[in-house]
Peer 1: 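Below you'll find the structure I mean.
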Protein chains: 2
Amino acid sequence: MNVETNATADDSSQGRIRQENIEKIMKAAEKVFAGNGFRGATTAAIAEEAGLPKANIHYYFGTKAKLYRAVLDDIIALWLSSFREIGENDDPATTLADYIRAKMQLSQNRPNASKVFANELIRGAPRISGYLETELKEWVEEKAAILDHWIEEGRMAPVDSKRLLFHIWSMTQTWADFEVQWAAVLGRKKKLKAEDFDAATDFIITIVLRTCGLQPIPSRS
Amino acid sequence: MNVETNATADDSSQGRIRQENIEKIMKAAEKVFAGNGFRGATTAAIAEEAGLPKANIHYYFGTKAKLYRAVLDDIIALWLSSFREIGENDDPATTLADYIRAKMQLSQNRPNASKVFANELIRGAPRISGYLETELKEWVEEKAAILDHWIEEGRMAPVDSKRLLFHIWSMTQTWADFEVQWAAVLGRKKKLKAEDFDAATDFIITIVLRTCGLQPIPSRS
DNA sequence: TTAGAACTTGACCGTTTGGTCAGGATTTGG
DNA sequence: CCAAATCCTGACCAAACGGTCAAGTTCTAA
């Protein structure tokens with residue numbers, strides 16, 4: 001019987017088989033939820049993607065909603081762990097550039113995580129509004145305060161710090177969520193190349209640093 | 001019987017009742033597809049949103065797939081009509097600012113259109129790859145050429161023109177697709193205020209014009 | 001006024017869906 | 001080695017799904 005433990009990926013107090021299967025299922029679920037949303041995803045599709053019979057998915061997670069919740073929690077944990085990057089005493093230019101690089105790494109390496117999150121937001125975020133209103137809001141306010149402090153100290157040019165963070169998010173995540181669009185426009189065959197991500201990263205760093213007066217605008221020819 | 005005319009919204013050669021109902025259904029469908037994706041949307045939900053019995057939806061559109069196609073075509077037509085904005089001989093700063101304003105107007109006024117499109121992209125764009133690879137690709141190349149021309153003439157600072165357009169898109173559409181996220185972080189109750197859209201518009205214009213050397217970077221205090 | 005075209009819709013159908021379960025197989029700790 | 005715990009899964013079910021249809025109502029143009 002399923003001992004009523006809310007199954008999550010990082011629960012190390014579990015047996016070997018359990019851990020392996022949960023990981024397999026969550027990975028498959030992330031992919032299927034990313035590509036179909038919660039309502040459009042089927043447990044049968046997740047089972048096939050995971051290479052397990054459907055009943056096995058229900059054995060570990062009970063319901064589709066609980067599995068979705070587990071996937072969401074996993075993604076939020078990943079998000080939060082990638083957040084800590086910006087610190088008070090660092091150099092503005094390198095700190096911003098490092099943060100942009102870290103977010104772009106996530107877009108490149110975990111696009112499905114970003115897509116599940118995007119799906120949830122598009123639908124009005126009924127299941128993650130708590131996270132948005134607390135952890136994320138606090139993170140933005142905390143980091144915006146640091147930027148404002150840098151501005152006050154004259155270490156970067158005045159800029160709307162909160163909105164700068166919003167738009168760094170939108171620019172970095174577009175390369176995960178809407179990859180096909182940019183691949184099509186760039187003439188790639190469905191998938192972007194690593195150099196496309198590198199070029200995008202450099203561009204976003206440029207646009208942000210120029211805006212903050214941390215990188216000179218090249219003179220007009 | 002449904003005379004085999006591919007029903008679309010702007011078909012003015014139709015009867016009054018037909019036109020009204022098609023409009024009602026497409027509006028409802030856009031909302032339901034935006035919130036659930038193609039697979040997650042149900043014809044019953046669309047019918048209820050439209051205030052019509054389910055059989056009536058099938059009377060006008062046949063299948064869910066055809067209705068989705070009609071909604072998609074409607075959105076693409078809207079997208080393309082909002083594209084023509086950037087012309088060769090205009091002033092770079094005002095042209096870019098006007099384009100950003102136009103895109104933000106769309107995000108504010110037709111968020112569901114943007115969301116349906118976003119859903120389709122997240123899913124890998126199986127039904128709009130043709131549009132991405134032709135019309136959109138050509139538009140980007142055409143407009144990027146104009147930006148490059150401006151740069152050559154010394155009318156703006158050197159910048160990766162294609163990627164500038166990509167990121168203008170990502171920054172403007174985030175305010176439609178992910179509105180709840182920014183509303184939550186800004187402490188609004190689910191919905192953004194008009195002034196939030198205005199502030200975002202101003203910010204995006206600022207970041208773009210600064211990057212292009214078309215607006216001075218304020219001196220550090 | 002009237003006949004045909006267009007529209008309406010409750011009832012229905014086959015399929016897919018999320019979820020259950022019993023009974024067997026495998027793993028694990030002592 | 002054994003027995004208890006855990007894992008496995010084909011078969012099954014009720015509900016929800018996309019779609020059909022026939023019988024009726026309303027509209028329209030002559």
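Throughout, protein chains are lettered first and strands after them, A, B, ... in sequence-line order, and every chain is numbered starting at 1.
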Peer 1: Between P on dC8(D) and CZ on F61(A), what's the gap in Å once rounded to a whole number?
Peer 2: 13 Å
Peer 1: Is it true that the side chains of R123(B) and N119(B) contain a donor and an acceptor less than 3.5 Å apart?
Peer 2: yes
Peer 1: Send over the distance from Y59(A) OH to dT6(D) P, rounded to a whole Å.
Peer 2: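 After rounding, the gap between these two atoms is 7 Å.
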Peer 1: Just to confirm, is there a sub-4.0 Å distance from OP1 or OP2 of dT6(D) to any side-chain nitrogen or oxygen of N21(A)?
Peer 2: no
Peer 1: Answer yes when K27(A) and E30(A) have at least one side-chain N-carboxylate O distance shorter than 4.0 Å, and no when they do not.
Peer 2: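 Here K27(A) does not pair with E30(A) in a salt bridge, since their nearest N and O are not under 4.0 Å apart.
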Peer 1: Decide, yes or no, whether a salt bridge links D196(A) with K193(A) under the criterion of side-chain N to carboxylate O below 4.0 Å.
Peer 2: no
Peer 1: What is the distance from CD1 of I25(A) to P of dC8(D), rounded to the nearest Å?
Peer 2: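 It is 8 Å, rounded to the nearest whole Å.
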Peer 1: Inspect the contact between K24(A) and E20(A) and indicate whether a charged nitrogen and a carboxylate oxygen are less than 4.0 angstrom apart.
Peer 2: no
Peer 1: Can you tell me how far P of dT6(D) sits from CZ of R18(A), to the nearest Å?
Peer 2: 9 Å
Peer 1: Would you mind telling me which of W169(A), F203(A), F178(A) makes a ring-ring contact (aromatic ring centres under 6.0 Å, His included) with H167(B)?
Peer 2: F203(A)
Peer 1: Indicate for each nucleotide in nucleotides 10-19 of chain D, in 5' to 3' sequence, whether protein heavy atoms under 4.0 Å reach the base (B), only the sugar-phosphate (S), or nothing (-).
Peer 2: B------SBB
Peer 1: Can you tell me the distance, in whole Å, between the CD1 atom of I57(B) and the P atom of dT8(C)?
Peer 2: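 From I57(B) CD1 to dT8(C) P: 10 Å.
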Peer 1: Between P on dT9(C) and CD1 on I17(B), what's the gap in Å once rounded to a whole number?
Peer 2: 11 Å
Peer 1: Once you round it to whole Å, what is the distance between C1' of dT8(C) and CZ of R16(B)?
Peer 2: 15 Å
Peer 1: Would you call K137(B) and E141(B) a salt bridge, taking side-chain N to carboxylate O under 4.0 Å as the test?
Peer 2: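 E141(B) and K137(B): salt-bridged.
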Peer 1: Atom CG of L52(A) and atom P of dG19(C): how far apart are they, to the nearest Å?
Peer 2: 17 Å
